[in-house]
Colleague: 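Below you will find the structure I want to go over with you.
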Amino acid sequence: MIPFMPKKLVWIFSKKYIAGETIDDAIKVSRELNSGGIKITIDLLGEFISTLEQASENKSAYLSIIERVQKEKIDGNYSLKPTSFGLLLDKQICYAHIREIVAKAASFGNFVRIDMEDSPCTDLEIELFRKLKQEFPGNVGLVVQAYMKRTLQDLKNLKDIHSAENPLNFRLCKGIYIEPEAIAYKKYPEINDHYLEDLEFMFANGYYPGIATHDKPLVEGAYKLIEKYKLPVEKYEFQMLYGVTPDLRKSIVEKGHTMRVYVPFGREWFGYSTRRLKENPRMASTIIKAIFVRG
């Protein structure tokens, strides 16, 4: 039911997960997080566009975002979704747009993370990352999803572009898109097992992981692996979504680990919000009750 609910109602319950609609909102939230010793990654919301004009507009918006963030001296980097730049319309134009964004970030010594989207995009996004990594070895990273059965093999296949000087940099998350059972793990225990298996492979091979989870058992599992491999804090970081599990986030920071928070903003917040709400049945149930009780 969530995607069919009135946007104003969904906004009431989802605004805690969104910095706001403007770059000013994102800067304000980012500065607050920085003041608490937390790094950020900024993402302009919007994906699966229908025209190449939209792709060009999104590129221009990102270039402006980079200028503003660097001017404000925010401690953070950038995340983007390739479908926002026309990945499924024209992959060459998409590459050109994202290359320009990565080059802009690299000119400031900064970094861009390529988000992983649903399975029709996986090979295209790995191909895109591989090309950009060769030109900007220290300025681009990728997201991988532990619930995908192919992920460990993808990590192995990319080892040829890894080096100690410019290690592969992956955000490891569980995965959020609805995928067929043939290609994705579905059960909580097996997803967690493969998450930790992927993370250990990264640690063992000198990759730099962004340990992106709000699941306390996975955080505890990560602590054990960090201890097992005697890793200094500069070899990994934890990552979380804005507005999610702030107490767990605080405990990780207090233990001395690097934390980065994903700060989404923009007018195209509805799709992102509905995915977050689908992940959280308790909040979804609150919204549904509000509709019938109030109205």
Side-chain angles (χ1 to χ4, degrees), residues 38-39 41 77 79 111 113-119 122-123 125-126 129-130 133 137-138 140-177 179 181-241 244-245 248-262 279:
I38 295 170
K39 302 176 184 291
T41 185
N77 55 38
S79 293
F111 178 91
R113 174 89 55 195
I114 298 170
D115 281 339
M116 184 62 70
E117 300 174 88
D118 60 3
S119 55
T122 305
D123 285 327
E125 288 169 350
I126 290 174
F129 168 69
R130 184 178 277 277
K133 175 73 172 170
V140 65
L142 183 67
V143 177
V144 292
Q145 302 175 110
Y147 77 153
M148 296 296 288
K149 294 180 178 180
R150 60 177 288 170
T151 293
L152 183 59
Q153 189 59 51
D154 287 334
L155 294 175
K156 293 176 179 178
N157 292 345
L158 286 162
K159 196 172 179 181
D160 64 298
I161 56 172
H162 169 73
S163 70
E165 297 76 24
N166 293 292
L168 286 166
N169 189 316
F170 295 114
R171 177 194 298 146
L172 176 62
C173 64
K174 284 190 178 186
I176 190 172
Y177 297 92
E179 300 288 0
E181 191 168 357
I183 63 172
Y185 301 110
K186 295 291 186 179
K187 296 178 181 177
Y188 174 84
E190 64 182 357
I191 294 172
N192 278 20
D193 287 347
H194 287 283
Y195 188 105
L196 293 174
E197 180 184 34
D198 295 339
L199 181 59
E200 181 158 18
F201 179 84
M202 292 188 206
F203 282 153
N205 288 276
Y207 296 4
Y208 183 98
I211 307 164
T213 183
H214 307 96
D215 190 336
K216 192 170 182 180
L218 287 182
V219 172
E220 296 293 340
Y223 288 160
K224 291 176 183 176
L225 289 173
I226 290 164
E227 176 61 28
K228 176 180 178 179
Y229 288 93
K230 307 298 181 188
L231 292 169
V233 294
E234 64 269 16
K235 295 294 186 181
Y236 64 91
E237 62 188 51
F238 285 87
Q239 298 186 356
M240 289 187 169
L241 299 170
V244 182
T245 59
L248 181 58
R249 182 183 75 198
K250 183 173 181 285
S251 74
I252 294 169
V253 173
E254 288 175 345
K255 287 180 171 66
H257 302 285
T258 302
M259 171 62 69
R260 188 179 305 276
V261 167
Y262 177 87
E279 282 185 289

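Residues take their numbers from the sequence shown, with the count starting at 1.
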Colleague: In Å, rounded to the nearest 0.5 Å, how long is the span from OG1 of Thr213 to CD1 of Ile252?
Modeller: 8.5 Å
Colleague: Considering all heavy atoms of both residues, which atom of Asp115 and which atom of Arg171 are nearest to each other, and what is their separation?
Modeller: OD1-NH1, 2.8 Å
Colleague: Is there a side chain to side chain contact (heavy atoms under 4.5 Å, CB included) between Ile38 and Met240? Walk through the geometry before answering.
Modeller: CA-CA 10 Å; Ile38 295 170; Met240 289 187 169; over 6 Å; no
Colleague: I want to check a possible cation-pi pair here: Lys186 against Tyr147, using under 6.0 Å from ring centre and within 45° of the ring axis as the test.
Modeller: no
Colleague: Rounded to the nearest 0.5 Å, what separates atom NE2 in His194 from atom NZ in Lys149?
Modeller: 8.5 Å
Colleague: Return a table of donor-acceptor pairs under 3.5 angstrom between the side chains of residues 216-226 and protein atoms on other chains or two or more places apart.
Modeller:
none

Colleague: Looking at side-chain heavy atoms only, is the closest gap between Ile126 and Asp154 below 4.5 Å?
Modeller: yes
Colleague: Could you give me the CA-CA distance, side-chain angles and deciding distance for Asp215 and Tyr195, then say whether side chain to side chain donor-acceptor pair (under 3.5 Å) is met?
Modeller: CA-CA 11 Å; Asp215 190 336; Tyr195 188 105; over 6 Å; no
Colleague: Starting from the C-alpha separation in whole Å, work towards a yes-or-no answer on side chain to side chain contact (heavy atoms under 4.5 Å, CB included) for Asn77 and Arg260.
Modeller: CA-CA 9 Å; Asn77 55 38; Arg260 188 179 305 276; 3.2 Å; yes
Colleague: Looking at residues at least two apart in the chain, or sitting in another chain, which of them share a side chain to side chain contact (heavy atoms under 4.5 Å, CB included) with Gln153?
Modeller: Lys156, Asn157
Colleague: Out of curiosity, Asn166 CG to Lys133 NZ, how far, rounded to the nearest 0.5 Å?
Modeller: 5.0 Å
Colleague: Could you go through the side chain to side chain contact (heavy atoms under 4.5 Å, CB included) check for Asn205 and His162 one step at a time?
Modeller: CA-CA 9 Å; Asn205 288 276; His162 169 73; 5.6 Å; no
Colleague: Do the side chains of Asp123 and Arg150 get nearer than 4.5 Å, heavy atoms only?
Modeller: yes
Colleague: Set out, in order, the CA-CA distance, both residues' side-chain angles and the distance that settles side chain to side chain contact (heavy atoms under 4.5 Å, CB included) for Glu179 and Thr122, then state yes or no.
Modeller: CA-CA 12 Å; Glu179 300 288 0; Thr122 305; 6.0 Å; no
Colleague: CG of Asp118 to CD1 of Ile176: how many Å apart, nearest 0.5 Å?
Modeller: 11.5 Å
Colleague: Can you tell me how far apart CD1 (Ile211) and CG (Leu196) are? Round to the nearest 0.5 Å.
Modeller: 9.5 Å
Colleague: Are Thr41 and Phe111 close enough that some pair of their side-chain heavy atoms sits under 4.5 Å apart?
Modeller: no
Colleague: Can you say whether the rings of Phe238 and His257 are parallel (under 30°), tilted (30 to 60°) or perpendicular (over 60°)?
Modeller: perpendicular
Colleague: Answer whether the closest heavy-atom distance between the side chains of Val144 and Leu155 falls below 4.5 Å.
Modeller: yes
Colleague: Return yes if some donor-acceptor pair links the side-chain N/O of Tyr236 with the main-chain N/O of Tyr208 below 3.5 Å, else return no.
Modeller: no
Colleague: Looking at Gly256 and Val233, what are the two nearest heavy atoms and their distance?
Modeller: O-CG1, 3.7 Å
Colleague: Any idea which heavy atoms bring Phe203 and Pro209 closest together, and the distance?
Modeller: CE2-CG, 3.4 Å
Colleague: Is it true that Lys187 and Asp193 make a salt bridge, defined as a side-chain N closer than 4.0 Å to a carboxylate O?
Modeller: no
Colleague: Can a donor-acceptor pair be found, under 3.5 Å and without considering hydrogens, that links the side chain of Thr151 to the backbone of Ala146?
Modeller: no
Colleague: Rounded to the nearest 0.5 Å, how far apart are CE of Met148 and OH of Tyr185?
Modeller: 10.5 Å
Colleague: Should the heavy atoms of other residues, nucleotides or ligands under 6.0 Å from CD of Glu181 be counted, would the total exceed 12?
Modeller: no
Colleague: Testing Phe170, Tyr207, Tyr229 for ring pair (Phe, Tyr, Trp, His ring centres under 6.0 Å) with Phe201, which one passes?
Modeller: Tyr207
Colleague: Which heavy atom in Ala164 sits nearest to a heavy atom in Pro167, and how many Å separate them?
Modeller: O-CD, 3.6 Å
Colleague: For Gln239, run the side chain to side chain contact (heavy atoms under 4.5 Å, CB included) check against Arg113, Lys39, His214 and tell me which one passes.
Modeller: Arg113
